[in-house]
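Have a look at the structure below before the remarks.
As the structure is a computational prediction, the values presented were derived from the model and not from experiment.
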Amino acid sequence: MLQKERVLAADWESASFAKVCELNKVKCLILRGVTDIPPVRKEADVDIQEIDYKKNTKIVIKKLLSIVEQISFL
């Protein structure tokens, strides 16, 4: 279904945090960054994902922090 709708990424984990914040009437901001994208499941994917993660994490974090700096929390 996700491919059919051309969804590039799906974040299931953040939904529970967002729901708890909604129920408690607490504003929240969830930013997630993608550091690695496994093509097709193979044994070597884990090694490739680790290399990509190490290479891309600093880049993704810098971009996320620049976004946070632009947001007004008031």
Side-chain angles (χ1 to χ4, degrees):
M1 179 177 167
L2 294 177
Q3 289 177 341
K4 179 182 173 189
E5 298 297 326
R6 295 181 170 208
V7 173
L8 298 177
D11 175 21
W12 310 115
E13 295 88 359
S14 298
S16 58
F17 289 98
K19 188 62 177 179
V20 169
C21 289
E22 177 188 33
L23 292 172
N24 289 289
K25 296 178 176 54
V26 174
K27 290 183 181 181
C28 75
L29 171 66
I30 299 169
L31 295 175
R32 299 283 305 255
V34 177
T35 57
D36 59 286
I37 302 172
V40 178
R41 279 250 187 254
K42 296 179 186 172
E43 282 188 35
D45 283 352
V46 174
D47 296 329
I48 294 169
Q49 283 181 270
E50 184 176 353
I51 291 167
D52 288 347
Y53 170 79
K54 288 178 179 179
K55 180 179 75 175
N56 295 323
T57 298
K58 288 180 183 179
I59 297 165
V60 171
I61 292 296
K62 283 182 182 181
K63 287 183 181 182
L64 291 176
L65 289 174
S66 73
I67 292 169
V68 171
E69 290 172 355
Q70 299 172 34
I71 297 172
S72 171
F73 290 99
L74 300 176

| task | Check Cys21 against Cys28 and note the closest heavy-atom contact, atom names and distance. | result | SG-CB, 3.5 Å

| message | Do Asp52 and Thr35 make a side-chain contact, defined as non-hydrogen atoms from C-beta onward lying under 4.5 Å apart? | response | no

| query | Are Val68 and Leu64 co-members of a hydrophobic cluster defined by side-chain heavy atoms under 4.5 Å apart? | reply | yes

| Shortest non-hydrogen contact from Lys55 toward Ile59 | O-CD1, 3.9 Å

| query | What's the spacing between Lys58 NZ and Lys62 NZ if we round to 0.5 Å? | reply | 7.5 Å

| field | Atom pair CD1 (Ile30) and CD (Glu13), whose distance is rounded to the nearest 0.5 Å | value | 10.5 Å

| Rounded to the nearest 0.5 Å, how far apart are CG of Leu29 and NZ of Lys27? | 11.5 Å

| With the 4.5 Å side-chain cut-off for hydrophobic clustering, are Val60 and Ile67 part of the same group? | yes

